[in-house]
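All remarks here apply to the structure that follows.
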Protein chains: 2
Amino acid sequence: MRALWYFEEVNLFKILCPHKYSEYKAGHEFNSYKKSDYIYFEDDAATKLYLIDEGKVKIGYYTEEGEEVIKAILTKGELFGEKAILGIEKRNEFAQSIDNQTLICPVAKDTMHDLMRDNASVSFKIYKFIGLRMKKLERRLQLLLFKDTKTRLLEFFKDLCEDYGYECPDNGDHVIKHPYSQKDIATLIGTSRQTLNSIMNELKQDNVIEFNRKELRLRKNIA
Amino acid sequence: MRALWYFEEVNLFKILCPHKYSEYKAGHEFNSYKKSDYIYFEDDAATKLYLIDEGKVKIGYYTEEGEEVIKAILTKGELFGEKAILGIEKRNEFAQSIDNQTLICPVAKDTMHDLMRDNASVSFKIYKFIGLRMKKLERRLQLLLFKDTKTRLLEFFKDLCEDYGYECPDNGDHVIKHPYSQKDIATLIGTSRQTLNSIMNELKQDNVIEFNRKELRLRKNIA
DNA sequence: GCCTAAGTGTCAGCTAGCTGACATTTTAAA
DNA sequence: TTTAAAATGTCAGCTAGCTGACACTTAGGC
């Protein structure tokens, strides 16, 4: 998916950050967050969207039982809070910095609407971004409806690979340095931590993947 | 959800159909479909979105095994194929008329983009519509991830109620005349037909719902 | 009006994946 | 450096929900 953007020589951040547009530049600032700082909370008013210039941001929410559920971890160049431009007034998730040096460029939804109206290229990019989000959501839903845990996990790894992966020059493995714990992955693909762990070790056994706490490798033939 | 539109005295169809806009009116026509006619197929180019003026439309796709999977059944006033405006070029589902007198107003995605640029109210409505779609998708995903089949079914019924329900004047039950078979519902909520059937009969037993092939009733206290 | 296909109801196995319980390893805060 | 908390690994039950099989009912095309 991301490959598409590169193909079109587009980077969301470059295109969208209002610093690029002189008329919006004045008074526009980057925000800086330390580890564990919240960018917004559940139920906050959704007035802005955000671009990550540096660092990592965790998106998630809490269940009725107070348990944290992770929705995604985003990094440099990625955009979040975009539902603000879709007329959704309240956050139903929180956004939290998980790096000590997170730099974020906020864009008011009205500014964004103006940008989109005035600039067909911007609006096209945003449409496309939202279309992609939707497509991914639908795909996840279908996996959950029809595929077993192992398949879902493999699909998740392929997605991770597109976002974080690079090819190991030595042997063609795909190396993925990602920020997700096994618990995170388990909730993302809809299984228990224990089941996830045993499947991962089974896949390691079968030489399909290799992993430790820092990185994940998909063996050459796969993905 | 739908209540929101009414509250704002907005009807998607009224707002969006290009017949309302003189400059787009010329040459614009309604299409008529008989039962089982396809409006579009999987893999067709996605160049238009559609508004239903009359009749019912089934949205779905086929699995690798050739089995039909239903995504939704839409009726008068509802919009589909909207992913065309989000820069998605190919349909990944089909749309098929299931009434003998289905009338549909097609809108080219470029026309829609023009409309949206020229008219803030239209673009706002479309944004909101897409935001709602996304919210619903996310909610479905969460139900699937964390709730058991019975809960998912009850939630599905509540949604149905918002779309098709009206209050029975006699006893306050919510009466829902919907077009879904048990098989459809089962795949929509991610369970087997058999399990669904037994849960429905259990709920009937417990006097939570009442149903036959034509309609569904949610007893007063519920939903 | 008949007949076939689709929809509905029910049951007896079976199994993927959950739960709880515990050990070990790693991380990061004090 | 110490130590508590988080992350990972493993296992033995257990159960929600799946599968296949079959009977019955209804709808709609001919």
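Lettering follows sequence order; numbering is per chain, from 1. For the numbers below, each heavy atom of this structure counts, side chains included, while hydrogens, waters and symmetry mates do not. In this text the structure is predicted, and so the values were computed from the model without any measurement.
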**Study point:** Atom pair distance, as rounded to whole Å: CG in A:Leu145 and C1' in D:dG17
**Key:** 15 Å
Exercise for review: Give the rounded distance in Å between these two atoms: CD of B:Glu67 and C1' of D:dT19.
Suggested key: 13 Å
Exercise for review: Take atom CG of A:Leu144 and atom C1' of C:dA16, then tell me their distance rounded to the nearest Å.
Suggested key: 14 Å
Exercise for review: State which residue, out of A:Tyr40, A:Phe41, A:Tyr61, A:Tyr38, fulfils the ring pair (Phe, Tyr, Trp, His ring centres under 6.0 Å) condition with A:Phe94.
Suggested key: A:Tyr38
Revision key, fill the gap. When rounded to whole Å, the CZ to C1' distance for the pair B:Phe146 and C:dG17 reads 16 Å
Review point. Starting at NZ of B:Lys150 and ending at P of D:dA16, how long is that distance when rounded to a whole Å?
Key: 11 Å
Review point. Are side-chain N/O atoms of B:Thr151 and B:Asp148 paired as donor and acceptor at under 3.5 Å?
Key: yes
Please list, pair by pair, any protein nitrogen or oxygen found under 3.5 Å from a nitrogen or oxygen in nucleotides 8-10 of chain C.
residue: C:dT8; atom: OP2; partner: B:Gln182; partner atom: N; Å: 2.7
residue: C:dT8; atom: O4'; partner: B:Arg213; partner atom: NH2; Å: 3.4
residue: C:dG9; atom: OP2; partner: B:Gln182; partner atom: NE2; Å: 2.6
residue: C:dG9; atom: OP2; partner: B:Asn197; partner atom: ND2; Å: 2.5
residue: C:dG9; atom: O5'; partner: B:Asn197; partner atom: ND2; Å: 3.4
residue: C:dG9; atom: N7; partner: B:Arg193; partner atom: NH2; Å: 2.6
residue: C:dG9; atom: O6; partner: B:Arg193; partner atom: NH2; Å: 3.2

Exercise for review: Using a heavy-atom cut-off of under 4.0 Å over every strand shown, decide if B:Lys214 touches base, sugar-phosphate, or nothing.
Suggested key: sugar-phosphate
Review point. Yes or no on side-chain hydrogen bond (donor to acceptor under 3.5 Å, both in side chains) for A:Ser181 and A:Asp184, after CA distance, side-chain angles and deciding distance?
Key: CA-CA 5 Å; A:Ser181 72; A:Asp184 295 339; 3.3 Å; yes
Exercise for review: Quickly work out the B:Ile70 CD1 to C:dA6 P distance and round it to whole Å.
Suggested key: 15 Å
Review point. Is it the case that more than 12 heavy atoms not belonging to A:Glu42 sit under 6.0 Å from its CD atom?
Key: yes
When the side chains of residues 80-89 of chain A are checked against the rest of the protein, which donor-acceptor pairs come out under 3.5 Å, sequence neighbours left out?
residue: A:Glu82; atom: OE1; partner: A:Arg133; partner atom: NH1; Å: 3.1
residue: A:Glu82; atom: OE2; partner: A:Arg133; partner atom: NH1; Å: 2.4
residue: A:Lys83; atom: NZ; partner: B:Glu138; partner atom: OE1; Å: 3.3
residue: A:Lys83; atom: NZ; partner: B:Glu138; partner atom: OE2; Å: 3.4

Exercise for review: Give a yes/no on whether any side-chain N or O of B:Thr149 is located under 4.0 angstrom from OP1 or OP2 of D:dG17.
Suggested key: yes
Point to revise | Spacing between B:Ile98 atom CD1 and C:dG7 atom P, to the nearest angstrom | key: 11 Å
**Study point:** salt_bridge(A:Arg139, A:Asp159) N-O dist < 4.0 Å
**Key:** yes
Exercise for review: Measure from CD on B:Glu68 to P on C:dA6 and round the result to the nearest Å.
Suggested key: 11 Å
